[in-house]
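Shown next, in C-alpha cells, is the structure this report addresses.
Values reported hereafter were calculated over all heavy atoms of this structure, with side chains retained and with hydrogens, waters and symmetry mates removed.
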Amino acid sequence: DTSSSDSGRVTSVRGKTTDHGIVSLRRGNLFGQMPAKRMIPQIPHLQAKADPQIGFLLSKHWTLYSVTPLYKFSYGQLQAYSRQLSLFIAAEKQKNLAMEAEPDLPYKVKFSSLPALKMTEHEQASVLIQITQKSQVTAENEGDRVVWMGWFCCTCGDDILETVMEDFTCLPLFLVNGPKTFLDLVGTWLQQMFDCCFSPLQISPISLAWMAAMWSGCNMDSYTVATELTFSVPCTAYPLDISYAIHPEDAKALWDSIQSTKGEIRQEEVELFMECLYNHFHRHFKIHLSAARLVKVSTSVACAHSTGKIKTINYFPSPISDKSAVSTDRAGSFKDIVMILACISSRKYSQQRQTLWGL
C-alpha cells in the first residue's frame with residue numbers, strides 16, 4: 001500500500017514522506033556520485049544482430065574487474081592476439097608439467113569483437129576472450145569445450161572517451177567466467193602486452209538500488225521470480241542477513257507509479273522506490289532496513305552481489321530451439337546490466353586516470 005493517512009506511513013508515492021526514525025537516502029546524499037538520471041537506450045538493430053552474440057553470455061556467473069586503458073590495442077590484431085596468448089598459456093603450462101600428475105590438454109584462445117553491444121557509435125566495441133580445450137575423449141562432431149571466458153566492454157560515456165589519451169583504448173569493465181588459474185595467466189599476459197592494470201570491482205549499495213529499480217520495471221512474460229533484496233546487518237556478533245522478497249508484479253506496479261518518463265530513470269525516483277520498500281517493511285516488522293547495508297539484488301532479469309558477482313538470466317525455453325526468439329526487451333535488459341556496471345567502472349577509471357596521469 002503506497003498511500004495512507006497514518007503518521008508513521010508514506011503519505012503519497014509522490015510525497016517522499018518517510019517513517020519516523022528512518023534515515024532518508026537523500027538526506028545522506030548517498031547518490032552524490034551517481035548521475036542524476038539515466039536514459040535507457042533504444043537500439044533497433046539489437047534483435048537482428050545482438051541476439052546470437054549475447055545468447056552464450058546469459059545464464060552465467062560473472063566476476064567483475066576494473067581495467068585501466070589498454071596501450072596500443074588494435075582491433076585489427078585480434079587473430080594475432082589469439083595466437084600469442086595461446087602460446088603464452090602453453091609455455092606457462094609447460095613450466096608446471098613436472099608438478100602435475102599428467103600433462104594438460106592443449107588450449108586454444110580466441111579473441112572476438114562484439115560490436116552489437118555498443119551503446120553509441122563512439123564507444124569501443126566489446127571484446128570477448130574465450131579459452132577452449134579439446135578433450136581426447138570428445139566425439140569428433142563435438143566442438144571444443146569452453147573452459148574460461150573474459151569479456152571487455154566500454155559503455156562508459158562519451159565524456160570519458162574524450163579524455164582518453166592517444167594510443168589508448170578504454171574498455172574499463174572486464175567480466176570473467178571460469179577458474180582463477182586462467183584469469184591469472186590471461187591477466188599477466190594482458191598487463192605485459194598492453195601495460196594495463198586489473199583490480200576487483202565491487203558494487204555499492206547505491207548501484208544495487210539502481211539495479212533493483214531498473215530491473216523491476218522490465219516487462220517479463222515468463223520466468224518471473226520474486227524481486228529479492230538482501231541486507232547485511234552491521235555490528236552483530238555473527239553474520240546476520242535480512243532477505244526481503246517482493247512479488248514481481250507488486251515491484252513493477254510500484255516502480256510504474258513512480259517513474260515519470262518511460263525510457264528514463266531519475267535519481268529521485270530510485271530514492272523514492274527504495275524508501276517505499278523500506279517503509280513497507282518497517283510497517284510490518286518494525287525494522288529499519290535503512291540502517292543495514294544492501295548487499296544483493298535478485299530479479300527476473302539478473303542478480304548482483306556487492307562482492308562484484310552478477311548472473312544474467314537465460315530466458316530461452318528448454319530445450320532451446322530458436323535463440324533468435326529472444327525479445328528486444330529482454331536483450332535490452334541485458335544491455336541495461338552492462339550500462340550500469342560500466343558506469344561503476346568508468347567512475348573508478350576516472351580515479352585511476354587522476355592517479356596515473358595526473359589528469
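Listed for the Asn279 side chain is a donor-acceptor partner under 3.5 Å among the backbone atoms of Glu275. Remark: side-chain polar atoms of Thr68 are paired, donor with acceptor, to backbone N or O of Cys197 under 3.5 angstrom.
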Stepwise side-chain contact (heavy atoms from CB on, under 4.5 Å) test for Cys276 and Leu254: CA-CA 8 Å; Cys276 289; Leu254 174 61; 4.0 Å; yes
side-chain contact (heavy atoms from CB on, under 4.5 Å) assessment of Met274 paired with Leu229: CA-CA 10 Å; Met274 295 302 295; Leu229 310 179; 4.1 Å; yes
Audit row: Tyr71, Phe194, ring pair (Phe, Tyr, Trp, His ring centres under 6.0 Å) steps and yes/no: CA-CA 5 Å; Tyr71 180 64; Phe194 304 112; 9.2 Å; no
CA sep, side-chain torsions, deciding dist, call: Met214, Trp255, side-chain contact (heavy atoms from CB on, under 4.5 Å): CA-CA 9 Å; Met214 180 186 301; Trp255 176 247; over 6 Å; no
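A tilted orientation is assigned to the rings of Phe281 and Tyr244, their planes being inclined by 30° to 60°. Between Trp148 and Phe174, the two ring planes are tilted [angle within 30° to 60°]. Aromatic ring pairs are classed by plane angle as parallel below 30°, tilted from 30° to 60° and perpendicular above 60°; the pair Phe73 and Tyr75 is perpendicular.
Gln202 and Thr307 are not linked by any side-chain donor-acceptor pair at a separation below 3.5 angstrom, with hydrogens and angles left out of the test. For the 3.5 Å distance criterion, the side chains of His288 and Ser290 fail to qualify, holding no donor opposite an acceptor. Looking only at atom types and distance, the side chain of Ser112 has no donor-acceptor partner in the side chain of Gln130 under 3.5 Å away.
Across Trp151 and Ser126, no two heavy atoms sit closer than the pair NE1-CB, 3.5 Å. The two residues Ala245 and Ala226 have their closest heavy-atom pair at CB-CB, 4.4 Å. Closest approach of Thr312 to Ala302, counting heavy atoms only: CA-CB, 4.1 Å. The two residues Ser86 and Ser82 come nearest to each other via the heavy atoms OG-O, 2.8 Å. When all heavy atoms of Pro248 and Thr227 are compared, the pair lying nearest together is CA-OG1, 4.2 Å. Between Ala125 and Leu171, the shortest heavy-atom distance links the atoms O-CD2, 3.7 Å.
The distance from atom SG of Cys170 to atom CG of Leu70, rounded to the nearest 0.5 Å, is 8.5 Å. To the nearest 0.5 angstrom, Leu272 atom CG is 9.5 Å from Leu277 atom CG. Atoms NE2 and NZ, on His247 and Lys252 in that order, are 13.5 Å from each other to the nearest 0.5 Å. Here the NE2 atom belonging to His282 is positioned 5.5 Å from the NZ atom belonging to Lys286, to the nearest 0.5 angstrom. How far CD1 of Ile89 is from OH of Tyr107: 9.0 Å, rounded to the nearest 0.5 Å.
Of the residues listed (Ile131, Val109, Thr181), the one engaging Val186 in a side chain to side chain contact (heavy atoms under 4.5 Å, CB included) is Ile131, and it is the only one. Here the options are Ile310, Thr230, Leu208, Ile203, the test is side chain to side chain contact (heavy atoms under 4.5 Å, CB included), and the partner is Val297; only Leu208 passes.
A cation-pi arrangement is absent between Lys309 and Tyr65 under the rule of less than 6.0 angstrom and at most 45 degrees off the ring axis.
Side-chain contact between Ser260 and Glu269: present, with at least one pair of heavy atoms (C-beta onward) separated by less than 4.5 Å. Residues Ser113 and Leu78 form a side-chain contact, since some pair of their non-hydrogen atoms from C-beta on lies under 4.5 Å apart. Within the 4.5 Å cutoff, no side-chain heavy atoms of Gln79 are placed close to those of Phe111. Residues Trp189 and Gln84 meet the side-chain proximity criterion, which asks for heavy atoms closer than 4.5 Å. Val225 has its side chain out of reach of Ser298: every pair of non-hydrogen atoms, C-beta onward, lies at least 4.5 Å apart. No side-chain heavy atom of Val146 sits less than 4.5 Å from a side-chain heavy atom of Gln133. With a 4.5 Å cut-off on side-chain heavy atoms, Tyr81 and Ser74 count as touching. Using a 4.5 Å heavy-atom cutoff, the side chains of Ile242 and Val233 are in contact.
Residue Glu249 places its CD atom among 12 or fewer non-hydrogen atoms of other residues, nucleotides or ligands, all under 6.0 Å distant.
One finds no salt bridge joining Lys110 and Asp144 here, because no Lys/Arg side-chain nitrogen approaches an Asp/Glu carboxylate oxygen to under 4.0 Å. Between Glu264 and Arg266 there is a salt bridge, since at least one side-chain N of the basic residue sits less than 4.0 Å from a carboxylate O of the acidic one.
Listed by first then second residue, pairs satisfying salt bridge (charged side-chain N to carboxylate O under 4.0 Å, His left out) with a partner in residues 68-83 read Lys72-Asp167, not counting sequence neighbours.
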